Amino acid sequence: MFLLADSIRKTANILDGWQVGNLVIEDGVFIQLDSGDLMPVAPGAILEVCNDGQWQRLSESDIEVKTIDGWPAYAGMDARFFVGGLAI
């Protein structure tokens with residue numbers, strides 16, 4: 001059931017103009033697509049991560065946040081960025 005709901009949410013995001021995948025922060029900021037390809041997130045793009053079921057918009061300073069072990073705090077999370085126009 002959860003897989004179907006996730007698939008529907010992902011499809012809705014894509015139809016709304018978002019690029020979706022997992023956030024990768026390593027020598028830049030990327031979204032890892034289902035195919036495994038890395039798509040760079042353009043500077044100034046609207047970038048959000050799914051945090052406890054809610055989309056949380058990240059600022060450039062949020063990208064720099066590290067865990068206590070020194071890893072990027074938001075890396076690996078479900079993420080999306082907007083690829084054109086203005087997100088509503």
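This is a predicted model, so every value here is computed, not measured.
Closest non-hydrogen pair, Leu47 versus Ile31, comes out as CD1-CD1, 4.2 Å. Of all heavy-atom pairs between Phe81 and Trp18, the closest is C-CE3, 3.3 Å.
Asp78 pairs with exactly one of Asn51, Leu23, Asn13, Asn22 by the side chain to side chain contact (heavy atoms under 4.5 Å, CB included) rule, that one being Asn22.
Note that NZ of Lys66 and CD of Glu64 are 6.5 Å apart. Values are rounded to the nearest 0.5 Å. The structure places CE of Met77 at 12.0 Å from CD of Glu48, a figure rounded to the nearest 0.5 Å.
Its side chain within the 4.5 Å cluster rule, Phe30 clusters with Val24, Leu38 among the Ile, Leu, Val, Met, Phe, Trp and Tyr residues.
With a 4.5 Å cut-off on side-chain heavy atoms, Tyr74 and Asp62 count as touching. The side-chain heavy atoms of Arg57 and Val49, taken from C-beta on, include no pair separated by under 4.5 Å.
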Go through the steps for Gln19 and Phe82 under the test side chain to side chain contact (heavy atoms under 4.5 Å, CB included), then give the verdict.
CA-CA 6 Å; Gln19 196 60 245; Phe82 198 70; over 6 Å; no
Could you walk me through whether Ser35 and Asp37 pass the side-chain hydrogen bond (donor to acceptor under 3.5 Å, both in side chains) check?
CA-CA 6 Å; Ser35 66; Asp37 293 334; 3.2 Å; yes
Hey, mind stepping through Arg80 and Trp55 against side chain to side chain contact (heavy atoms under 4.5 Å, CB included) and telling me if it holds?
CA-CA 9 Å; Arg80 66 184 187 176; Trp55 289 106; 3.5 Å; yes
Mind running side chain to side chain contact (heavy atoms under 4.5 Å, CB included) on Leu58 and Ile63 for me, showing each step along the way?
CA-CA 7 Å; Leu58 298 182; Ile63 298 297; 3.9 Å; yes
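Both Val29 and Leu33 are members of a single hydrophobic cluster when ILVMFWY side chains are connected at heavy-atom separations under 4.5 Å.
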